[in-house]
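Input: a single structure, listed below in structure tokens.
Computed over heavy atoms, backbone and side chain alike; hydrogens, waters and symmetry mates excluded. In the text below, chain A, chain B and the rest are named by the order of the sequence lines, each starting its count at 1. This structure is a prediction, so every number in the text was calculated from the model and none was measured.
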Amino acid sequence: MSEHDTQLTATGNNFIRDIIAAQIAHGEHTGDVVTRFPPEPNGFLHIGHAQSICVNFGLADYFDGFCRLRFDDTNPEKEEQRYIDQIQEDVHWLGFEWEGSIRFSSDYFETLYEYALHLIENGDAYVDELSSEQARAYRGDWNTPGTNSPYRSRTPAENLERFEMMRAGQFGEGQAALRAKIDMAAGNMNLRDPIIYRVRHATHHQTGDRWCIYPSYDFAHGQSDAIEGVTHSICTLEFADHRPLYDWFIDHLPVPARPVQYEFGRLNISFTVTSKRRLRRLIDEGFVNGWDDPRMPTLSGIRRRGYTPAAIRDFCEAVGVTRTDGMVDVAQLEHAVRDDLNKNAPRAMCVMDPLKIVLTNFAAGEVETITARGHPDRDDLPPRQLPLTREIVIEHADFRESANKKYKRLVLGKKVRLRNAYVIQADDVVKNDAGEIIEVHCRYDPDTLGELPADGVKPKGVIHWVSASHSARATVREYDRLFATDKPGRDTEDFVEDLNPNALTIHHNCHIEPGLAPAVPETRVQFERIGYFVADRYDHTPEAPVFNQTVALRDSWAGKTA
RNA sequence: UGGGGCGUAGCCAAGCGGUAAGGCAUCGGGUUUUGAUCCCGUGUACCGCAGGUUCGAAUCCUGCCGCCCCAGCCA
């Protein structure tokens with residue numbers, strides 16, 4: 001993991017880590033701790049998966065074992081190569097390196113088939129020819145025991161023959177399925193003769209047309225774990241009642257190892273959604289521009305938004321691993337990025353809503369270069385050169401003709417400090433016919449660079465600015481939370497009704513420091529007094545800079561009035 | 001109504017019989033050429049409820065309540 005900046009810490013809570021530590025301490029576990037991250041390649045990874053990735057890779061790293069990346073590809077109709085590629089990119093981006101080459105459940109299809117044969121020979125599985133509708137009726141419900149299928153009593157020889165026929169393509173989809181013979185009256189529905197193989201006349205992205213029968217998740221997953229020597233098979237809580245089945249297969253098959261499943265509570269975050277079905281809908285219905293739209297909670301989306309791998313890892317560690325089905329405040333995620341970016345992002349100035357300021361006592365045509373720190377408390381980040389000219393721009397919101405003492409910005413007749421530069425005083429306001437302020441005339445105090453004014457009175461406020469002429473223009477995409485409510489869909493018919501209409505505001509013609517335009521894509525920066533931004537991974541160019549807002553600076557002034 | 005899981009401050013979350021850590025959020029205050037950062041302070045948590053055991057229980061026992069997951073030939 002050296003090529004990445006991964007620094008795994010074990011500061012958070014993780015009950016699985018505690019369990020493994022105890023197993024090792026008590027001699028119940030010897031040898032390597034082997035885990036795996038097992039995504040199905042049917043969509044992009046999202047922030048919820050980050051938790052699973054951190055848990056699996058983190059545990060392997062913590063115990064000096066190893067973790068592999070295995071695609072759980074047993075449903076060819078929903079899976080695509082592009083997702084396989086994207087998932088690998090995302091896991092790497094997060095900072096993890098899997099052991100060996102990538103694996104696929106489909107790598108084990110032949111072995112899995114033999115395992116199925118083993119079950120049939122032992123009378124533990126049978127080919128059922130009930131239609132799915134009939135099967136559902138036979139299954140019963142929570143209050144009614146199921147009924148045995150009339151095909152349940154077929155002999156092993158008969159089942160063997162039928163199963164061969166399934167593999168040979170002599171059954172259409174839904175006409176036959178191999179089921180484990182367990183208990184149609186089990187309280188746990190997963191044990192009511194679960195499907196082991198079903199017919200799918202579909203081309204598989206890895207195995208092509210070699211197979212027309214595919215193993216179910218329950219059959220493929222645990223056995224793949226065993227084949228790979230996984231010791232701790234970690235998944236989320238909704239699979240808890242699959243564990244008896246997971247163990248049943250392991251108990252009834254000649255597998256080379258005995259993995260054990262552990263479940264933890266899925267990560268849910270307020271003001272967002274993390275279900276592939278919902279994310280796909282946002283894309284399909286055009287609410288966002290694809291899986292990697294910066295508003296999306298996908299890893300590629302938040303990457304484009306400017307989030308850092310370290311921030312996401314810190315967030316997952318801070319949230320902890322438990323069996324509680326909770327909802328973490330998105331503010332906790334935002335805190336994690338601010339914390340990282342505050343320490344590492346260079347500072348710069350950008351004026352998003354320009355108001356022209358004329359420094360009446362500054363010579364026209366003159367350009368004074370001011371050197372500013374790259375970061376308030378880091379000397380290793382290079383200083384930057386800021387051209388100061390007679391005409392500059394500041395934010396409209398940073399000027400008022402009059403205001404009370406709580407307003408710490410530029411007020412007519414009063415002084416304010418230009419960030420990194422001089423103290424100025426506003427003398428005149430120029431308005432258009434509509435009465436709107438279009439220009440402010442100020443005088444600057446040439447003795448205040450790094451110094452207090454002669455009267456010794458420190459200006460109340462500091463505002464950011466950029467030269468009107470010696471600056472670059474940029475498009476700045478200001479993002480807000482994708483949803484306006486903490487639990488999308490909770491109080492509405494359809495979760496899309498909770499979408500935040502202001503999740504994206506595009507600002508054209510923003511003025512940025514000239515040194516910022518050449519930034520390479522994905523350069524992260526803090527626009528002082530505004531927030532953290534990143535040069536868009538795809539759209540940013542030196543000629544037409546595009547910055548995406550990662551997260552705004554904390555603003556204890558917001559909501560107050562002056 | 002069957003099976004499984006979970007309930008500690010607004011949100012995460014320690015605690016595992018000895019009298020409630022920490023983080024986020026909130027609200028104050030200090031420092032500050034970012035109303036940022038940093039620093040300090042700030043919460044009667046009836047430990048879901050009710051009984052019981054005990055000198056003593058969030059921690060043990062019993063009952064109840066609430067929330068989540070399961071009736072795909074999805075994962």
Side-chain angles (χ1 to χ4, degrees), chain A residues 11-13 38-40 42 72-75 77-78 128 130-132 135-136 139-146 173-179 185-192 194-200 213-214 216-218 220-221 235-244 263 265-267 270 276 315 318-320 322-336 338-339 342-343 347 349 372-373 376-377 406-409 416-423 448-450 452 458-464 486 526-531 552-558 560 562:
Chain A
T11 56
N13 309 303
E40 181 188 14
N42 66 347
D72 236 332
D73 57 346
T74 55
N75 190 359
E77 290 164 320
K78 291 185 177 176
D128 195 6
L130 244 30
S131 67
S132 55
R136 191 190 317 135
R139 186 156 38 234
D141 58 38
W142 294 324
N143 311 305
T144 318
E173 294 188 8
Q175 290 181 349
L178 183 69
R179 301 176 67 175
N188 182 341
M189 299 299 281
N190 292 114
L191 266 20
R192 317 253 268 223
I195 297 291
I196 297 177
Y197 266 93
R198 74 279 205 193
V199 176
R200 281 288 176 281
I213 55 173
Y214 292 92
S216 62
Y217 160 82
D218 286 303
H221 196 86
C235 61
T236 41
L237 238 34
E238 65 268 29
F239 290 101
D241 52 14
H242 285 243
R243 182 155 23 99
E263 314 89 19
R266 183 186 279 287
L267 173 61
S270 62
K276 280 181 191 166
F315 168 72
V319 164
T322 67
R323 287 178 72 87
T324 313
D325 221 333
M327 168 83 71
V328 176
D329 191 336
V330 71
Q332 182 118 21
L333 213 208
E334 295 172 341
H335 168 265
R338 287 198 187 98
D339 197 37
N342 172 54
K343 291 172 188 145
R347 309 286 123 118
M349 293 194 285
R373 291 180 66 82
D377 32 50
K406 287 182 180 174
Y407 184 78
K408 299 173 25 175
R409 310 179 194 183
V416 77
R417 159 79 66 180
L418 288 182
R419 174 73 174 158
N420 299 305
Y422 303 95
V423 171
T448 54
L449 191 60
L452 249 36
K458 179 192 251 183
K460 285 290 291 179
V462 179
I463 62 175
H464 57 97
D486 59 347
Q526 181 199 89
F527 286 163
E528 294 188 291
R529 300 215 306 136
I530 302 178
L553 245 35
R554 274 188 78 226
D555 185 4
S556 59
W557 172 245
K560 299 183 180 177

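Applying the 6.0 Å contact sphere to CZ of A/Arg200 captures more than 12 heavy atoms from other residues, nucleotides or ligands.
The nearest heavy atom of RNA chain B to A/Asn188 and to A/Lys408 marks one nucleotide each, and the one closer to the 5' end goes with A/Asn188. Of the two residues near RNA chain B, A/Glu238 and A/Asp72, the one whose nearest nucleotide lies more 5' is A/Glu238.
Listed pair A/Thr74 / B/A75 meets the phosphate criterion, a side-chain N or O lying under 4.0 Å from OP1 or OP2. A close approach under 4.0 Å does occur between a side-chain nitrogen or oxygen of A/Arg554 and OP1 or OP2 of B/U37. Distances shown here put every side-chain N or O of A/Ser216 at or beyond 4.0 Å from the OP1 or OP2 atom of B/A75. Of the side-chain N and O atoms in A/Arg529, one or more sit less than 4.0 angstrom from OP1 or OP2 of B/G35. A/Arg198 has a side-chain polar atom (N or O) that falls below the 4.0 Å cut-off from OP1 or OP2 of B/C74. Look at A/Arg323 and you won't find any side-chain N or O under 4.0 angstrom from OP1 or OP2 of B/C68.
A/Lys343 comes within 4.0 angstrom of no nucleic acid atom, judged by non-hydrogen atoms across all strands. In this structure, A/Thr322 reaches the sugar-phosphate backbone alone: every heavy-atom distance under 4.0 Å involves primed, P, OP1 or OP2 atoms, never a base. Residue contacts shown for A/His464 are absent, as no nucleic acid heavy atom lies under 4.0 Å away. Among the atoms of the strands shown, base atoms are found under 4.0 Å from some heavy atom of A/Gly450. As judged by a 4.0 angstrom heavy-atom cut-off over every strand, A/Asp141 is placed among the base-contacting residues. A/Gly320 comes within 4.0 angstrom of no nucleic acid atom, judged by non-hydrogen atoms across all strands.
Distance noted for atom C1' between B/U1 and B/G10: 35 Å (whole Å). Separating the P atom of B/U42 from that of B/A50 is a span of 30 Å, rounded to the nearest Å. The C1' atoms of B/A20 and B/C47 are separated by 8 Å, rounded to the nearest whole Å.
Under the stacking criterion of a centre-to-centre distance below 5.5 angstrom and an interplanar angle below 30°, A/Tyr217 is not stacked against the six-membered ring of B/C74.
The nearest whole Å value for the distance from the CG atom in A/Asp218 to the P atom in B/C69 is 19 Å. The nearest whole Å value for the distance from the CD atom in A/Glu173 to the P atom in B/C74 is 9 Å. In this entry the distance linking NZ of A/Lys78 with P of B/G72 reads 13 Å, nearest Å. Atom CG in A/Asn143 sits roughly 16 Å away from atom P in B/C70 (whole-Å rounding).
When Watson-Crick and G-U wobble pairs are counted only if both distances are under 3.5 Å, B/G72 pairs with no nucleotide at all.
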Contact list (N/O, under 3.5 angstrom) for nucleotides 21-23 of chain B vs protein:
from: B/G23; atom 1: N2; to: A/Gln332; atom 2: OE1; distance (Å): 3.0

